[in-house]
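All heavy atoms count here, side chains included; hydrogens, waters and symmetry mates do not. By convention in this document, chain letters (A, B, ...) are assigned in the order of the sequence lines, proteins followed by strands, and residues within each chain are numbered from 1.
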Amino acid sequence: MSILQERTQQNKKKRSRAARWDVKYSPYIFILPFFILFALVGLFPLAYTAWVSLNEWSLLGGQGDFAGLDNFTSVLNERDFWIALRNTLSIFVIQVVPQLIIATVIAAALDRNLRNATFWRMAVLLPYVMMPVAVALIFSNMFGDRYGLVNNVLGTFGLSPVAWHNDVLASHVAIATMVNFRWTGYAALILLAGMQAIPRDYYEAATIDGAGAFRQFFSITLPQLKPTAIFVVITATIGGLQIFDEALLYDLAGTGGPDKEWLTLTLYLYNLGWRDLDFGRASAVAWLLFLIIVVIGLLNLFISSRISSSQGKRK
Amino acid sequence: MFPRKKMTALTAIAAAGALGLVLSGCSPDAGNQNGKVQLTLSTFGNFGYTDKLIEQFEAEHPNIDVTHNIAADGEAARSNLFTKLAAGSGLSDVEAIEINWTTELRQYADKFHPVPGEDIAEYGDWVDFQKKPVTTEDGELFAYGVAIGPSAICYRGDLLEAAGLPSAPDEVAALLKGNWKHYFEVGQKFAAGSKDAKWFDSAESIYDATIQQMANPYEKEDGTLIAASNPEVEKAFRETLAVAPELSAGFDQWTDDWYTGMASGDFATMMCPSWMLGLIEGAAPDVKNWNVANVFPNGGGNAGGSYLTVPKQTKHPEEAAQLASWLTAAPQQIEAFKVAGPFPGRVQAFDSPKLPEVTSEYFNGAPTGEIFTERTQAIKDFAFKGPRHAQITAAASSAISRVQSGNQTTDESWKQFVQEIESLK
């Protein structure tokens, strides 16, 4: 009898301990897969790239002598790096501003009560499904300096042709157009989701007050859309700082232009690694790019938190 | 929960998938289905290796099956090759390479099986300028020469006639015989009589062709960088750009515009390595007036070339070597030349009665076999290409492009080129 009692007592204790552990640790186990995966495909490459960047390292020859920070100083002294930084930021700005405006307009149009709404929403997303490489090939052809479609059209209107491959700004506009072709629809859908989350009461109240469609758009839709727009800007920033396919395929040489007109940071990195076979310096650029993205990400966070707090004050 | 029927269907799919995995897992590892050795061959662009040619090899070697993979362009093939060489696995049993990659690959020649002595004993030697770029310090070859790029001049007969110049191939050859200066002078005559068309396509291709004729344009054999200090290079750079405004159609090579220019008659002549014939025909299929003249400024010149390699990664080095040898043997080289234009690099091919028989219908029946054999024999000096050759070439064509577009003067562009070369050290 006593033995039996003791056993049940022990069992109870065990069970309660297991239950406590269950509560305490099992959440960690549930989120563990993500962290294992992240460590494997995120953290490890990051750390290994840092190690490579401190050495002389050839793609084929492998590790060479320890170089300290030499790779970083040599990259920072290179004209190409700064030009690539300039181009990346310039293409990003040229790309993201029109993208936001056009995407908002498209989203506003889709937000109306359209017939076959799903069809139109899918149609907007269609360019996003296309391979970036295919987009780049087609657009590069359109932006040909002499026989490109765009210059031909300009010619029929009596305008002089644009030197798409020899002018810094023109080449940035062309590349930003390719990026926007793919991403505007995606941004429009996210903005559309944001618009549909806006309570319809606002619009009803506005209609009763006599506000027209435009007034409603600027006074209700746009202010309510701010958080979604900030999300779109942040994802566009991360994507925009990594523009690669479009720049690589903008001409056949893939070197970023005769005077590096459209050399982006990722293209610069790729050319160091795979053309010059210099993995040490390519890794240094990768880390510099990482730091730049972190800085711009923090800037984003700062600005967006200020926007939302100033919004709070107004209320 | 799933309805019962769906459940069983799912299980069946899963089981089939697992079985498929097991089955497919077997074949690549064992390397022989029905007792045959499975070889993979990777090329890019158009090597002229038709299915028929591969089938012929399989018929002659009944123990070998060949799978031929073709990459769209050289750039994709290059990054694939270098990445997998670095990774140490994943390459095909036979991999094609381009002459421009040999400068880097030569340093890693030990990653490839050398060409066995029996190959040369049976199939004969290659021409000098095909062999040299793939010869290691020990005198071994790490690649089998596929094709070379002896150059002639391609021209538009109608445009020459319109400018009052002769247009028959023999006459054009006689007209252009001489050095680069002479070629430019004839160009000036052409420019005087021509309406819109220019003399040549691009200053880049002219500059490149002159560089290919120098023994040591950019680097010495001991690794010294002389590109910026070599007076011959600067002379070629300045002289080409001096005549460019009058004679050049101002295209950048390899652009879509350049290809369109071949069809639209923007220029009358262009440098024509044998493989260029296929490009012109592809870009201007409806133009009837392209022809080839058996002549090249300053004698002869070679541009480009390709090779096959047998990486050490292969599990079947013997069979892979057989395939590489066979494909680069003279009869197959001539076949490939007929199909796609890469010109044979084996000396034996020049003795074959089949080579002079090759003509090109598109180029108004030009005896291309004969022409390029003679152009090959005319080659005296050919550029030594050190490890930095590709980068310098890219920097030079960018420099020329900057002047052609009017963004910089020749002096400014040369200065920037020199700076870029300095940073390569």
Which answer fits Ser264(B), side chain, backbone, both or neither, if we ask what part of it has an atom under 4.5 Å from a heavy atom of chain A? side chain
With side chains defined as the heavy atoms from C-beta onward, is the minimum distance between Asn407(B) and Glu261(A) less than 4.5 Å? yes
Taking all heavy atoms of Gly261(B) and all of Tyr147(A), pick out the closest pair and write down the distance. N-CE1, 4.2 Å
Checking heavy atoms, do the side chain of Gln107(B), its backbone, both or neither come under 4.5 Å from chain A? neither
Which atoms of Leu105(B) are under 4.5 Å from chain A, going by heavy atoms: the side chain, the backbone, both sets, or neither? side chain
On a heavy-atom basis, which atom in Gly257(A) and which in Ser398(B) lie closest, and how many Å separate them? O-OG, 4.2 Å
Kindly give the heavy-atom pair with the smallest separation between Asp257(B) and Gly148(A), and that separation in Å. OD1-N, 4.1 Å
If one checks every heavy atom of Gln253(B) against chain A at 4.5 Å, the contacting part turns out to be neither
Intermediate values then yes/no, salt bridge (charged side-chain N to carboxylate O under 4.0 Å, His left out), Arg275(A) and Glu104(B): CA-CA 10 Å; Arg275(A) 235 178 265 272; Glu104(B) 287 148 337; over 6 Å; no
Would Gln416(B) and Asp259(A) count as having a side-chain donor-acceptor pair, cut-off 3.5 Å? yes
Where on Asp266(B) is there a heavy atom nearer than 4.5 Å to chain A: the side chain, the backbone, both, or neither? side chain
Closest non-hydrogen atoms of Ser423(B) and Glu78(A), given as atom of the first, atom of the second and distance, are OG-OE2, 3.7 Å
Would you say Phe82(B) and Leu60(A) make side-chain contact, with heavy atoms under 4.5 Å? yes
Could you pull out the closest heavy-atom pair between Tyr270(A) and Ser79(B), with the gap in Å? OH-CB, 3.7 Å
Look at atom CE of Met122(A) and say whether more than 12 heavy atoms of other residues, nucleotides or ligands are closer to it than 6.0 Å. no
Answer yes or no: is there a side-chain heavy-atom contact under 4.5 Å between Thr83(B) and Trp274(A)? yes
Segment of Gln419(B) engaging chain A (4.5 angstrom heavy-atom cut-off): neither
